[in-house]
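Contents: one structure, followed by commentary.
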Amino acid sequence: MSETQVALVTGAGRGIGAACARALGAEGFQVAVHYRGSAAAAEEVAAKLPDAFAIGADLADSEAVEGLVAELKERCGRVDVLVNNAGVNKNALVASMKLEDYDAVAGLTRGTWYLTKLVLRRFMLRQKSGRIINLSSVVGHTGNPGQSAYTMAKAGLDAFTKSLSQELAGRPILVNSVAPGFIETDMTAELPEAAREAILARVPLGRMGTPEEVADAVRWLATGASYVQGSVLHVNGGLFGG
Ligand code: NAP
């Protein structure tokens with residue numbers, strides 16, 4: 001890369017986001033390691049990269065999203081890659097799920113939409129280039145009992161990828177999704193052993209994926225993949241083919 005390019009990875013203090021930050025840092029990007037609550041972890045991820053900094057914001061808060069974008073404008077002046085990785089999952093059957101839990105999931109969807117809008121307006125449309133990668137999920141395609149709000153959000157995120165890619169027709173701004181299967185992170189650490197075994201029985205590769213395996217797909221969409229637009233790349237060990 002001739003000029004230092006900037007990648008913003010949301011929810012990058014841990015899990016898949018941290019792996020994406022490391023993968024993009026290794027590719028030469030300056031990385032904005034975004035966090036909400038995991039400040040110390042995000043600082044640690046950033047400290048281990050050649051050119052990175054941690055930056056905090058609750059994406060469910062629209063003023064915080066505006067503050068995040070303003071800070072990026074001041075610090076970097078550009079954003080070339082946006083990885084919408086931050087996600088929240090609340091498990092409960094529809095009949096018993098609390099509305100506030102639904103709102104926590106939906107609030108992050110709203111924040112992801114708003115952050116993408118602002119990054120487009122402030123940076124990518126002006127730069128006439130960019131890559132947006134949305135972390136959706138296999139369960140947005142297959143459904144999963146107890147994950148109605150989460151699956152609704154993730155299916156919506158893939159539809160957002162497709163709509164936005166069509167809105168950007170003719171512009172070299174690529175928008176794609178990566179849909180992970182079951183990956184070893186804090187999110188899946190809560191799974192009861194029986195549920196974990198039932199999932200693994202359905203995964204042809206016979207194991208859960210690693211955050212690095214998902215980040216590898218994100219890295220490819222961020223740096224290669226020049227003729228891939230509006231696609232969903234499934235990274236799930238064969239659980240579902242799309
Ligand atoms: P994770 O370990 O549970 O981490 C979630 C991340 O989202 C954290 O970095 C958290 O930030 C951030 N976040 C949550 N709410 C936020 C908010 N309101 N504002 C800003 N950031 C917020 O997740 P993961 O397993 O790495 O998953 C990463 C992405 O992949 C998610 O979108 C998830 O849905 C998706 N995914 C994961 C799996 C899997 O098996 N793990 C499978 C399919 C899809 P703080 O820690 O700083 O609060």
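Just so you know, these numbers use all the heavy atoms, side chains as well, and skip hydrogens, waters and symmetry mates. On a predicted model such as this, the values are computed, not experimentally measured, just so you know.
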Hydrophobic cluster membership, with links at side-chain heavy-atom distances under 4.5 Å among I/L/V/M/F/W/Y: are Leu239 and Leu191 in one?
yes

Taking the side chain from [X] and the backbone from [Y], do they hold a donor-acceptor pair closer than 3.5 Å?
| X | Y | result |
| --- | --- | --- |
| Asn176 | Val228 | yes |
| Ser38 | Ala41 | no |
| Glu213 | Thr210 | yes |
| Arg121 | Thr116 | no |
| Glu212 | Ala19 | no |
| Asn144 | Val139 | no |
| His34 | Ala54 | no |
| Gln127 | Val79 | yes |

Show your working on salt bridge (Lys or Arg N to Asp or Glu O under 4.0 Å) between Arg14 and Asp186 and close with a plain yes or no.
CA-CA 8 Å; Arg14 56 196 171 103; Asp186 294 346; 2.9 Å; yes

Please work out whether the ring planes of His234 and Phe240 are parallel, tilted or perpendicular, with thresholds of 30° and 60°.
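Perpendicular.
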
For a 4.5 angstrom cut-off between non-hydrogen side-chain atoms, does [X] reach [Y]?
| X | Y | value |
| --- | --- | --- |
| Gln229 | Val175 | yes |
| Asn134 | Phe160 | yes |
| Thr188 | Ile183 | no |
| Ser165 | Leu174 | no |
| Pro180 | Leu135 | yes |
| Arg171 | Leu168 | yes |
| Val31 | Val45 | no |
| Ile55 | Glu71 | yes |

Set out, in order, the CA-CA distance, both residues' side-chain angles and the distance that settles side-chain contact (heavy atoms from CB on, under 4.5 Å) for Ile16 and Val178, then state yes or no.
CA-CA 11 Å; Ile16 294 169; Val178 170; over 6 Å; no

Is there a donor-acceptor contact under 3.5 Å linking the side chains of Glu66 and Tyr114?
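There is such a pair between these side chains.
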
Could you work out, with ring-ring contact (aromatic ring centres under 6.0 Å, His included) as the rule, every residue matching Phe53, not counting sequence neighbours?
none

Only one of Asp158, Asn84, Thr161, Thr151 clears side chain to side chain donor-acceptor pair (under 3.5 Å) with Ser136; which?
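By the side chain to side chain donor-acceptor pair (under 3.5 Å) criterion, Ser136 pairs with just one of Asp158, Asn84, Thr161, Thr151: Asp158.
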
